[in-house]
Amino acid sequence: MEFNLAVIKGDGIGPEVTAEAVKVLNKIGEKYSHTFKFAYVRAGGDAIDNCGECLPKETVQLCKNSDSVILGAVGGPKWDNLPGDQRPEKALLGIRESLGLYANLRPAIIHKALSDACPIKKEIIGDSLDIMVVRELTGGIYFGERGYREGKYGNEAYDTESYSEMEIRRIGKIAFETAMARNKKLASIDKANVLESSRLWRKIITEMSKDYPEVEVTHMYVDNAAMQLVRNPKQFDVIVTSNMFGDILSDEASQITGSIGMLPSASLGENSFGMYEPIHGSAPDIAGKNMANPIATILSMAMMLRYTFNLEEEASAIENAVTKVLDMGYRTPDIVSEGTKEVGTRQMGDLIVEAI
Ligand code: NAD
């Protein structure tokens, strides 16, 4: 099969990590007889410098015309003093919105070989963890009505959390289907003891659970979930939650794994269209030094093959290759420890290609 992919290399380590992801996809293409065609487009600081704006129309158009989008990372100190709406990071919200990417899937995985990086006690975590956070990405308080007004105590600012049944249903569907493909356990996180929008959230998820009788659904308040994630993270398999709660809980879950350079993500829209990116930023402190860990971006490619192209065997081939290389003791500087072998960004990419 042939796939047309838009690639946004972005800033900082973005170009370095996306280069390794492209290498890995080419290897998958060779092994499984697929052709991946890459079209490079600009966003973030790279686009500000070369096109005068952080998200040029041509970038959005080319992404829309592609089968899937790969993103490195955007931002850096060079552009930090620009006004908020002109900063590189603005491109992220813009592209998610323009592409209708309403579901964010963020796995928090601890690889056995890296279990020492986890900040939680071994007797709680064991030597592995595998949680998938499904976060609603284009609704809720981040997109609700906001502003300033005259309030009881003078000038006040407000933001509005609102969710439609449609928005809850479409993210719920992705969450239930993700749970069906995994261990059939779903925790829906809300604040239904206080928020009306959360009560609707809980009602719709409960209704939907009748269509997925095999999935064991639990409902949890977000304050309790934040606590349970560090008390006993292994009780979770798939978590589904709103935009703001998901923003916070997915960062908490990712930190439990202890290694930001390892974690991939997928942002999905209609018909499985998606944008795939590492969860980390542009890491300006190590950019251009062949020190960045490319594994988060490479594992994002596995998510792309699985969720957008339905190529399970190919996706597993990438994940197994990453595990193999880690088991062989190879580490980029961010995850190196005593007794392991330090390698650079490009060498890590080459080793994973070889393992495939
Ligand atoms: P960051 O994730 O870029 O870096 C945090 C720390 O983790 C740094 O010490 C960095 O060296 C390290 N790190 C990150 N990724 C790594 C990798 N693959 N391998 C090895 N080490 C890695 O976060 P930050 O420093 O808060 O932000 C830097 C810039 O990135 C900012 O401009 C920020 O706005 C932007 N950012 C972009 C995205 C995105 O594009 N999706 C996400 C977060 C931050």
Side-chain angles (χ1 to χ4, degrees), residues 7-21 24 41-49 54-55 59 63 69-97 99 101 104-106 108-109 111 114 117 119 135 137 142 246-248 250-251 254-255 257-267 274-301 303 322 325-326 330-337 340 342-349 352:
V7 184
I8 302 170
K9 296 196 251 181
D11 310 313
I13 61 170
E16 295 169 73
V17 293
T18 46
E20 300 315 305
V24 165
V41 287
R42 296 185 198 276
D46 176 36
I48 294 173
D49 288 353
C54 67
L55 186 61
T59 295
C63 289
V69 182
I70 301 168
L71 170 71
V74 297
K78 184 176 176 191
W79 306 280
D80 273 355
N81 295 324
L82 290 173
D85 62 341
Q86 290 169 32
R87 284 178 58 126
E89 294 83 352
K90 187 82 180 40
L92 289 177
L93 284 183
I95 196 130
R96 285 171 189 159
E97 206 180 358
L99 299 177
L101 305 173
N104 185 220
L105 270 64
R106 266 193 182 198
I109 297 169
H111 292 262
L114 297 180
R135 166 190 169 196
L137 204 56
Y142 292 178
D247 191 3
I248 300 164
S250 65
D251 263 27
S254 67
Q255 279 313 304
T257 72
S259 45
I260 195 169
M262 298 285 303
L263 297 175
S265 83
S267 300
M275 182 164 82
Y276 295 84
E277 58 184 305
I279 70 153
H280 60 71
S282 58
D285 51 332
I286 56 166
K289 296 180 178 165
N290 194 34
M291 283 172 75
N293 187 342
I295 293 180
T297 315
I298 290 171
L299 289 175
S300 302
M301 301 305 97
M303 292 187 83
V322 168
V325 170
L326 292 173
Y330 292 105
R331 305 279 190 274
T332 41
D334 56 312
I335 50 171
V336 77
S337 59
T340 59
E342 187 171 323
V343 295
T345 310
R346 291 188 289 274
Q347 202 182 347
M348 181 54 91
I352 294 167

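Basis for what follows: all heavy atoms, side chains included, without hydrogens, waters or symmetry-related copies. Note that the numbering runs from 1 along the sequence shown for the chain. Remember, it's 1-based here, ligands and their atoms both numbered in the order they're listed. Being a predicted model, the structure only gives us computed values, none of them experimental.
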Check your understanding: Would you call D11 and K78 a salt bridge, using N to O less than 4.0 angstrom?
Key -> no
Check your understanding: So do S265 and N104 actually touch side chain to side chain, heavy atoms under 4.5 Å?
Key -> yes
Check your understanding: Of the protein's non-hydrogen atoms, which lies at the shortest distance from atom 3 (O) of ligand 1, and what is that distance?
Key -> A283 N, 2.8 Å
Practice item. Tell me which part of D285 gets within contact of ligand 1: side chain, backbone, both or neither, using heavy atoms under 4.0 Å. Key: side chain
**Study point:** Element-labelled atoms of ligand 1 that are located less than 4.0 Å from some non-hydrogen atom of A73
**Key:** 40 (O)
Check your understanding: What distance do E89 atom CD and W79 atom CH2 have between them, rounded to the nearest 0.5 Å?
Key -> 9.5 Å
Exercise for review: Check the surroundings of atom CZ in R96: do more than 12 heavy atoms from other residues, nucleotides or ligands lie under 6.0 Å from it?
Suggested key: yes
Review point. Below 4.5 Å, heavy atoms only, C-beta onward: do L55 and K90 meet side chain to side chain?
Key: no
Practice item. Determine whether any heavy atom of G76 lies closer than 4.0 Å to an atom of ligand 1. Key: yes
**Study point:** Nearest option to atom 28 (C) of ligand 1, as decided by whichever heavy atom of P77, P284, A287 sits closest
**Key:** P284
Practice item. Please indicate, with yes or no, if any protein heavy atom is found under 4.0 Å from atom 32 (O) of ligand 1? Key: yes
Revision key, fill the gap. Ligand 1 atoms nearer than 4.0 angstrom to some heavy atom of E277 are 41 (N)
Review point. Nearest to atom 34 (O) of ligand 1, what protein heavy atom do you find, and at what distance?
Key: E89 OE2, 2.4 Å
Check your understanding: Salt bridge between E277 and R106, side-chain N to carboxylate O under 4.0 Å?
Key -> no
Exercise for review: Examine ligand 1 and decide if any of its atoms is less than 4.0 Å from a heavy atom belonging to I13.
Suggested key: yes
Check your understanding: Can you tell me which residue and heavy atom of the protein come closest to atom 5 (C) of ligand 1, and the distance to 0.1 Å?
Key -> I260 CD1, 4.8 Å
Point to revise | Pairwise side-chain contact, C63 with I95, heavy-atom cut-off 4.5 Å (strictly under) | key: yes
Point to revise | Straight-line distance of D247 CG to R135 CZ, nearest 0.5 Å | key: 4.0 Å
Study note, to complete from the structure: Of all protein heavy atoms, the one nearest atom 19 (N) of ligand 1 is N293 N, 2.8 Å
**Study point:** Test item: T257 and L263 side chains (from C-beta on) under 4.5 Å apart, heavy atoms
**Key:** yes
Exercise for review: For a side chain to side chain contact (heavy atoms under 4.5 Å, CB included) with N293, tell me which candidate from E20, R331, E16, M262 qualifies.
Suggested key: M262
Practice item. Identify the protein heavy atom lying closest to atom 21 (N) of ligand 1, giving its residue, its atom name and the separation to 0.1 Å. Key: I286 CD1, 3.6 Å
Review point. Looking at G261, which atoms of ligand 1 are within less than 4.0 Å of one of its heavy atoms?
Key: 17 (C), 18 (N)
Revision key, fill the gap. Atoms of ligand 1 under 4.0 Å from any heavy atom of G75, numbered from 1 in the order shown, are 32 (O)
Check your understanding: From L137 CG over to L101 CG, what is the distance, rounded to the nearest 0.5 angstrom?
Key -> 7.0 Å
Review point. D80 and R87: salt bridge (charged side-chain N to carboxylate O under 4.0 Å, His left out), yes or no, with the steps?
Key: CA-CA 7 Å; D80 273 355; R87 284 178 58 126; 3.2 Å; yes
Point to revise | Test item: protein heavy atom less than 4.0 Å from atom 36 (N) of ligand 1 | key: yes
Exercise for review: Classify the contact between L92 and ligand 1 as side chain, backbone, both or neither, using a heavy-atom distance cut-off of under 4.0 Å.
Suggested key: side chain
Review point. Taking N or O atoms only and a 3.5 Å limit, does G281 qualify as a polar contact for ligand 1?
Key: yes
Point to revise | Shortest protein heavy-atom distance from atom 40 (O) of ligand 1, along with the residue and atom involved | key: V74 N, 2.8 Å
Review point. Identify the closest protein heavy atom to atom 29 (C) of ligand 1: which residue and atom is it, and at what distance?
Key: S282 OG, 3.2 Å
Review point. Heavy-atom distance from atom 11 (O) of ligand 1 to the protein below 4.0 Å?
Key: yes
Point to revise | L326 vs I295 side-chain heavy atoms within contact, under 4.5 Å | key: yes
**Study point:** Atoms in ligand 1 with a heavy atom of A292 nearer than 4.0 Å
**Key:** 19 (N)
